[in-house]
Protein chains: 2
Amino acid sequence: MTKQRALILRLIRESKRHMTADEIYQLAKAEMPGIALATVYNNLIHLSEIGEIKKLTFRDRTDRYDKSSIPHIHLVCDVCGKVCDHPSEGLQQEMEQRLGFPIHEYELAIHYTCENCQ
Amino acid sequence: MTKQRALILRLIRESKRHMTADEIYQLAKAEMPGIALATVYNNLIHLSEIGEIKKLTFRDRTDRYDKSSIPHIHLVCDVCGKVCDHPSEGLQQEMEQRLGFPIHEYELAIHYTCENCQ
DNA sequence: CACTTTTTTTAGAATAATTCTAAAAAATAA
DNA sequence: TTATTTTTTAGAATTATTCTAAAAAAAGTG
């Protein structure tokens, strides 16, 4: 566990958002000016592999990173683009019943207009 | 409706797969050797805008195109990577009841191990 | 049809996110 | 400590996609 890796993990855990690699890099640079973008990418891959964080892919084709690997619904506002989390207790079992076979995981993005943008 | 546009639309409608822009370009070139990759991209954007096809984004960060704009579930095999369609009657209403507000659309990718890969 | 206007196509350049490379630095193990 | 492994770094490379500007094609008009 290097200083860089600890910083990146902390930034993701402290964030309420779903940041892109570049957003994480910008925050990291503020605390550790010499950090390299490649280090951020390396660690995002590593942290995803060990299950500490979760890589998400949305329609804008930039990967975003989520502190929670617990499955949940992503609410995407089609006006402002903001992504919120929504709990989804029991959804995986419901899906398995509907389909009739076991599943590994699911990704559910729901597009709507958020309260601010109504 | 140009010859190029008609060809691209036909290729997507005839395919059972979810092709990337480049895969569509390769097929198109076989029938119309002079066609440009940019033409494929232009038409994929145009056909998506008018609702003839649907742009999908999966975890490998390449856009894929689906002949059906009727919402449905995508089953992704984590072993071979193949993507199948699965009908999902009533799922949107179920989601709206669960959430308590209207939604525009949803994207649901379910990861599993397909029959061939069991 | 002839002519004008709009849309589309084309080739290639530009962009942007991500990955790769190879050497230096840091961390870990013995 | 010394050796070994892992990580970091800067910058180059890659890849999917978008942009640009001129030529071609299609659509609209009298």
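Quick note on labels: first sequence line is chain A, next is B, and so on, each numbered from 1. Keep in mind it's a predicted model, so treat the numbers as computed, not measured.
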Plane angle bin for His18(B) and His72(B) - parallel if under 30°, tilted between 30 and 60°, otherwise perpendicular: tilted
Short side-chain to backbone donor-acceptor contact, Thr2(B) and Arg5(B), under 3.5 Å: yes
5'-most by nearest nucleotide on DNA chain D - Arg64(B) or Ile35(A): Ile35(A)
Other residues, nucleotides, ligands: >12 heavy atoms within 6.0 Å of Gln118(B) CD: yes
Modelled atom types, side-chain donor and acceptor of Thr20(A) and Tyr25(A), under 3.5 Å: no
Chi angles and distances behind the salt bridge (Lys or Arg N to Asp or Glu O under 4.0 Å) call for Arg98(B), Glu89(A): CA-CA 11 Å; Arg98(B) 180 188 271 268; Glu89(A) 314 94 17; 5.3 Å; no
Residue-level proximity of residues 36-49 of chain A to DNA chain D when a heavy atom falls under 4.0 Å: Ala36(A), Ala38(A), Thr39(A), Asn42(A), Asn43(A)
Atom-pair distance (CE on Met32(A); C1' on dT7(D)), nearest Å: 13 Å
Polar side chain donor-acceptor pair, Tyr65(B) to Ser15(B), under 3.5 angstrom: no
N or O in side chain of Arg61(B) less than 4.0 angstrom from dT15(D) OP1/OP2: no
Euclidean distance, atom CG of residue Leu7(A) to atom C1' of dT7(D) [Å, nearest integer]: 15 Å
Donor-acceptor side-chain pairing of Asp60(A) and Thr62(A) below 3.5 angstrom: yes
Residues Glu107(A) and His111(B): side-chain donor-acceptor under 3.5 angstrom: yes
Whole-Å gap separating P (dA16(D)) and CG (Asp60(A)): 18 Å
Separation of Thr39(B) OG1 from Met32(B) CE (nearest 0.5 Å): 9.5 Å
Between C1' of dT9(D) and CD1 of Ile8(A), the distance in whole Å: 13 Å
Enclosure of Glu115(B) CD (heavy-atom neighbours >12, cutoff 6.0 Å): no
Within residues 11-29 of chain A, residues whose heavy atoms come under 4.0 Å of DNA chain D: none
Candidate pair Gln92(B) and Tyr106(B), rule side-chain contact (heavy atoms from CB on, under 4.5 Å), full reasoning: CA-CA 8 Å; Gln92(B) 180 149 345; Tyr106(B) 64 86; 4.0 Å; yes
Nucleic acid footprint by protein, nucleotides 23-30 of chain C - heavy-atom cut-off 4.0 Å, B for base, S for sugar-phosphate alone: ----SS--
Value in whole Å for how far the C1' atom of dT18(C) lies from CG of Leu56(A): 17 Å
